[in-house]
Amino acid sequence: MKYDFARIEQKWQKIWMEQKPFAAVTGDSRPKFYGLIEFPYPSGQGLHVGHPRPFTAMDIICRKKRMEGYNVLFPIGYDAFGLPTENYAIKNHIHPAIVTKQNIQRFRSQLQMLGYSFDWDREIDTTDPNYYKWTQWIFLKLWENGLAYKATMPVNWCTSCKCVLANEEVVNGVCERCGSEVIRKEKSQWMLRITKYAQRLIDDLDDVDYIERVKIQQRNWIGRSTGAEVDFQTTAGDALRIFTTRCDTLFGATYMVLAPEHPYVKKWKDQITNYAEVEAYVDEAAHKSDFERSELNKEKTGVKLEGVRAINPVNGKEIPIFISDYVLVTYGTGAIMAVPAHDERDWEFAKKFGCEIIEVVKGGDVEKAAFTLKDDTGIMVNSGFLDGLTVKEAIPTMTKWLEEQGIGKEKVNYKLRDWVFSRQRYWGEPIPMVHCPKCGWVPLPESELPLLLPNVESYEPTDTGESPLSKMTDWVNCKCPKCGGSAQRETDTMPQWAGSSWYFLRYMDPHNDKELASKEALEYWSPVDWYNGGMEHTTLHLLYSRFWHKFLYDIGVVPTKEPYQKRTSHGMILGEGGEKMSKSRGNVVNPNDIVDQYGADTMRLHIMFIGDFEKAVSWSNEAVKGSKRFLDRCWNLADQCADDEAISPRNEAIIHKTIKKVTSDIDDLKMNTAIAALMTMVNEFYANGCTKGDVEQLLLLLSPFAPHMVEELWEVKGFAAKYGKMACQMPWPTHDESKTVEATVEMAVQVCGKLKATVQVPTDSDQETVVAAAMALEKIAKLADGKQLVKTILVPNKLVNLILR
RNA sequence: GCCGGUGUGGCGGAAUUGGCAGACGCCAGGGACUUAAAAUCCCUUGUUGGAAACAGCGUACCGGUUCGAGCCCGGUCACCGGCACCA
C-alpha cells in the first residue's frame, strides 16, 4: 500500500465539500466554539507561506473542538478592498472588481488545497455589495450617533498613494504600506470619534484573554495620562490653557510654548510686534513632513512672541511665550507651561533661548541638566505652599489648590487620535453621505443602501487630492434626500479597515438581507472565542474593530461588549537566512510547491512543527523532509500493525501519556511539542510493535494535523465502516491518569547536588526505598564510604539528593 | 530615550515553571539492504581529555539565593519588536 498523498488529498477534499462535515449550525444545542483567523487580503501573488501558519493552527484547534463535541464556527472570507488591487488594475487596465474575483478564486483553491475545515457556505467578500451594504449601514449609525463627523484638519498625506492615512498607518513618519514620505496636509476628512471610547478600550482589556503583549501595546497606543489643565492669564486678554502631568512644578514654569498651529497665534496677530517673524516660522513648520518634524535629537527651534506675555498663576510673575514645533497641536491643548529645571526638552529650549531655570524639586544640578525624577519621592523647594512636600504629595495638593482658585482641574489625556476615515481612492466602500448646499451633510436613507461603487473610466488617483469618483459627475450630482434640491455625493471612500471592523459578525449569518446578522445568530455565536492574528494589527484592525463593536453594543446591535474573548498571535515565517521573505530577495516560498512535492498534510504538519508558534522562525526546505518521513512512518505502521482491535498493554502508558500531552498542547497552542509527542509515540510503536487498536488512537490524535491521510487510513483499516463515521466526526480520545504511569521509574541520584547515577525503582517509592536502592549502587556506595548521610531530599519519581559529609 | 520580548549543540527547537539540560526533528558521520542509486532500517552525534571505564566543563556575561538554578534575585552585554518632542 503506497502513501499516494496527491490522490488521497484530492479525494477527501472532494468528500468534505460534498458532505459538509464542518458546517456550523446556528442554534444547535451543543456548546458553541467560534474560532477565527484574520481573513486574507487576496493579493495577486496568491497565498504566501506565512498564511498557513495561523490558518493551520486554528484549523487544528477547531477540528479538535468538533471532536470534543462543540458546534464549531470556523469561517473564511476575503478582505478584498484595497490599494494593491487598485494599483494593479490601473497598471493593467482591468477593473478592480475583475482582479478581485480572480484573486479570490486563486486564494480559495489554495485554501482548499490545504484541507482547512472551513464552513465554505459562509464565505464572505468585503467588496460584495450585499456585504458592504452593512458596512455603510454601520457608518450611518455612527453618523446618527454623532461619532462620524467631517472636519478640516492637518492630516497625514502619503505622497505616493496620493491618499490620507490614519495615524495608525504612519510608521516612523512614512506610509506603512508603501514606505513613502508622509506630509501634513490640510484637508476636509471624515473622522470617527474613537477617542470617545479611549477609556473603555483600556478598561475592558481587563475582561478579555489576550496575550499580554497585545494588551500592553494597545494601552500604550491609547496612551492615557492623568494630569491637570491650568489656565494662564495673558497680557493679550485671553486665558491660555495648558495640560501638564506635573502641576507640582508650577512654581518652576518660567515660560510657555504654543504649537505653531495654535489658534491664538493668529488671534494675537495685532498684539504680536514681531508677527512677520512668527508667521515665517509657522509657515516653515507647516511645510515640514512628519518625518522632519519628529526627527530625533533635532535642535530645538522657536520664536518668541514679542508683545504678549503670560502670568504664572501661582506667583503672578510675567513670563514669555514662544512658539515651537516641539509642542504638538494635536495633543493636550496644543500649549504647554515650560519647566526647564525638570523637563529635558524645556531645559534644552531654555538654554538655547536664555530662559530662566528655577529648581523646584531638590536633588539635581539644574544648571547642568534637567532633573527628571524616575520616582515621585523628590522634595519640593522654591514652591511656596508646596515646600517640603514630596512630589507625590505636591501633585494632589496643587490640583486641589487650582480647583479652589478656579484656574485648573484634573484632566485625563490620551495619545489616541480620532480615526481619519476617508480615502481619496476608488477601490473602497462609498461613504453614503450627500452634501446639500442648504442642508449640509445628509445621510442616505437606509433604503438606498447599498450605495454602489460606480464604474469609472479611470481609477487613477488625482494630484489634487480628490477621489477618482469626483470625476463621475453623473454619480456625484444627486438630489438631497432631505430637501430634494440638487446636491453632491461624498466622493472619498472608506479605508480598508472598514470592512474588517465587523466581518466576524457577518460570518454568523452571512446571507441575511434584512440585518447585518440576525439577533439569534448574534446571541448564539458571540463572542468570538478565539481569534488569532498578526501583531501588526494590534493598533490597527484589532483596535478599530473593538471600537466598532463597542459602538454596536451601545446601540443594541450586538450582545457583548467585546468582540473577541481570546487573542493570540503568531510569529512571522522568515526566509532561509532569517531574513524577511520578499520578492526582491527571491526567498519567497510558495505553499503550492511544498504541497506538490510532499502533500498538504506534510505542509500542515511541518508548518506547525517548525518552532514556537509565537516566535518568528526561518523556513527550511530541508527540514520539511522530517515531517514527510513521520507521515510515511505512520502510514507504514498502519500497514503492518497486528489485527488486534484492543490497545496493547505494552503501549497503554505511552498512548495515555500522549493523549494527555497532545490534548493540552493543542489548547496551549504548542503544536510543535504535540507533534514531537506523537513522533515519540510512533517511535515506541515501532520499538514495541503495535495493534490496530493502538493505531486507532494514533489516527484520532493525528487527525487534526494530517486530516487527509488519517481519513484514508481510517477508511482502509475499516474504522469508518465500524463506526459509521469519518475520523473527524469521532469523539476526541481522553486519557486515564492512572494509566499514564509506568510500573517503575528511573530516578536521578545526586550526591551533594551533583548527578552521579540513575536507579530504577517502583513508581511512588518512599524515601527509604529510594535511598536503599541508591546506596545499593556500587558507585554511590563508594562515594558514601566513610561518610555520613546528613540529609536526604526526595522529589518523588524524579530524583533523590544525598548530602554526604 | 521609554515599554515589551528573546539569548540553550552545526541548525529549528524541548525542559510538567526550582529537580537527570539538549526531548522531537534537520544536518553530518558510520553501518545494513542494493549491481548501483534513491527510499528504508540500525548505530553515533553538546564539548574537552581518554583506547575505554571514566573525569572535567557546559543554557550570553559577572555575582547572589538554594541541598539543587536554563528557570528566582542584583548587575552587565547583545539582538528583535512596538512607541517616540504626548508636556
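Sequence lines set the chain letters: A, B, ... in the order given, protein chains first and strands last, and positions in each chain run from 1.
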Rounded to whole Å, please give me the gap between [atom1] in [X] and [atom2] in [N].
X: A:Glu176; N: B:rC83; atom1: CD; atom2: P; answer: 10 Å
X: A:Ile242; N: B:rA87; atom1: CD1; atom2: P; answer: 12 Å
X: A:Asp343; N: B:rC2; atom1: CG; atom2: C1'; answer: 14 Å
X: A:Trp347; N: B:rC85; atom1: CH2; atom2: C1'; answer: 16 Å
X: A:His342; N: B:rC85; atom1: NE2; atom2: C1'; answer: 19 Å
X: A:Gln217; N: B:rG81; atom1: CD; atom2: C1'; answer: 8 Å
X: A:Glu348; N: B:rG1; atom1: CD; atom2: C1'; answer: 13 Å
X: A:Glu212; N: B:rC3; atom1: CD; atom2: P; answer: 15 Å

Show the distances under 3.5 angstrom between N or O atoms of the protein and N or O atoms of nucleotides 21-28 of chain B.
from   : atom 1 : to       : atom 2 : distance (Å)
B:rG25 : OP1    : A:Asn683 : ND2    : 3.2
B:rC26 : OP1    : A:Arg629 : NH1    : 2.4

message: Go nucleotide by nucleotide along RNA chain B from the 5' end; which of A:Asp346 and A:Trp221 gets its closest nucleotide reached first?
response: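 Here A:Trp221 is the residue nearer the 5' end.
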
Taking atom [atom1] in both [N] and [M], what distance in whole Å separates the two?
N: B:rC61; M: B:rA51; atom1: P; result: 30 Å
N: B:rU40; M: B:rG81; atom1: P; result: 38 Å
N: B:rC72; M: B:rC11; atom1: P; result: 24 Å
N: B:rA14; M: B:rA53; atom1: P; result: 32 Å
N: B:rC24; M: B:rG30; atom1: P; result: 23 Å
N: B:rG10; M: B:rU48; atom1: P; result: 10 Å
N: B:rC33; M: B:rC42; atom1: C1'; result: 11 Å
N: B:rA87; M: B:rA69; atom1: P; result: 45 Å

query: Under a 90° cut-off about 0 for the syn range, is B:rU17 syn or anti?
result: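 It is syn.
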
task: Enter syn or anti for the glycosidic conformation of B:rG68, syn applying to angles within 90° of 0.
output: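 Base orientation relative to the sugar is anti.
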
Side-chain ion pair, A:Arg219 and A:Asp206, N-O less than 4.0 Å: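 Salt bridge between A:Arg219 and A:Asp206, a charged N being under 4.0 Å from a carboxylate O: yes.
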
A:Lys352/A:Glu299 salt bridge by N-O under 4.0 Å criterion: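 So A:Glu299 pairs with A:Lys352 through a salt bridge.
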
field: Heavy-atom donor-acceptor pair, A:Tyr197 side chain to A:Arg546 backbone, under 3.5 Å
entry: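 Not a single qualifying donor-acceptor pair exists.
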
- prompt: Which class fits the ring pair A:Trp419 and A:Tyr544: parallel under 30°, tilted 30 to 60°, perpendicular over 60°?
  reply: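 A:Trp419 vs A:Tyr544 ring planes: parallel.
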
Identify each donor-acceptor pair in which a side-chain atom of residues 251-263 of chain A lies under 3.5 Å from a protein atom, sequence neighbours left out, and give them as a table.
from     : atom 1 : to       : atom 2 : distance (Å)
A:Thr254 : OG1    : A:Glu356 : O      : 2.7
A:Tyr255 : OH     : A:Asp346 : O      : 2.8
A:Glu261 : OE2    : A:Arg293 : NH1    : 2.8
A:His262 : ND1    : A:Tyr264 : N      : 3.1

task: Spell out yes or no: do the side chain of A:Lys300 and the base of B:rC85 have one donor N/O and one acceptor N/O closer than 3.5 Å?
output: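 Present.
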
Which part of the nucleic acid does [X] contact within heavy-atom distance under 4.0 Å: base, sugar-phosphate only, or nothing?
X: A:Lys779; answer: sugar-phosphate
X: A:Ile610; answer: sugar-phosphate
X: A:Ala335; answer: nothing
X: A:Val339; answer: nothing
X: A:Leu799; answer: base
X: A:Glu746; answer: base
X: A:Asn636; answer: nothing
X: A:Thr539; answer: nothing

field: Dot-bracket pairing map - RNA chain B, Watson-Crick plus G-U, both contacts under 3.5 Å, | cross-strand
entry: (((((((..(((......[....))).(((((.......))))).((((....))))..(((((..]....))))))))))))....

Can you tell which of [options] lies closest to the side chain of [X]?
X: A:Val617; options: B:rA55, B:rG12, B:rC83; value: B:rG12
X: A:Tyr331; options: B:rA55, B:rC3, B:rA87; value: B:rA87
X: A:Asn220; options: B:rA87, B:rC83, B:rC3; value: B:rC3
X: A:Ile793; options: B:rA87, B:rC83, B:rG19; value: B:rG19
X: A:Lys615; options: B:rA55, B:rG7, B:rA87; value: B:rG7
X: A:Asn801; options: B:rA87, B:rG13, B:rG19; value: B:rG19

field: Residues which pass ring pair (Phe, Tyr, Trp, His ring centres under 6.0 Å) with A:Trp635, listed by chain and number, not counting sequence neighbours
entry: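 Here the qualifying residues are A:Tyr3.
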
task: Mind checking ring pair (Phe, Tyr, Trp, His ring centres under 6.0 Å) for A:Phe371 and listing every partner two or more places apart, or none if nothing turns up?
output: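 Not a single residue meets the ring pair (Phe, Tyr, Trp, His ring centres under 6.0 Å) criterion with A:Phe371.
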
Can a side chain N or O of [X] be found less than 4.0 Å away from OP1 or OP2 on [N]?
X: A:Lys754; N: B:rG58; answer: no
X: A:Lys670; N: B:rA15; answer: yes
X: A:Tyr326; N: B:rA87; answer: no
X: A:Lys756; N: B:rA55; answer: no

Any residue meeting side-chain hydrogen bond (donor to acceptor under 3.5 Å, both in side chains) with A:Asp231, in chain and number order, not counting sequence neighbours: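 A:Asp231: side-chain hydrogen bond (donor to acceptor under 3.5 Å, both in side chains) contacts with A:Arg241.
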
- prompt: Centres of the A:Tyr414 and A:Tyr331 rings: under 6.0 Å?
  reply: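 No.
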
message: Counting neighbours of CD on A:Gln760 that are heavy atoms of other residues, nucleotides or ligands and sit closer than 6.0 Å, is the number greater than 12?
response: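 Counting neighbours around CD of A:Gln760, more than 12 heavy atoms of other residues, nucleotides or ligands fall under 6.0 Å, so yes.
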
field: Pairs satisfying salt bridge (Lys or Arg N to Asp or Glu O under 4.0 Å), at least one member in residues 670-686 of chain A, at least two apart
entry: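 Pairs touching residues 670-686 of chain A that pass the test: none.
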
- prompt: Can you name the side-chain contact (heavy atoms from CB on, under 4.5 Å) partners of A:Ala748, sequence neighbours left out?
  reply: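 Result, side-chain contact (heavy atoms from CB on, under 4.5 Å) vs A:Ala748: A:Leu755, A:Leu799.
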
query: Residues in side-chain contact (heavy atoms from CB on, under 4.5 Å) with A:Lys625, at least two apart?
result: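 Scan of A:Lys625 (side-chain contact (heavy atoms from CB on, under 4.5 Å), adjacent residues dropped) gives A:Tyr598, A:Glu622, A:Arg629.
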
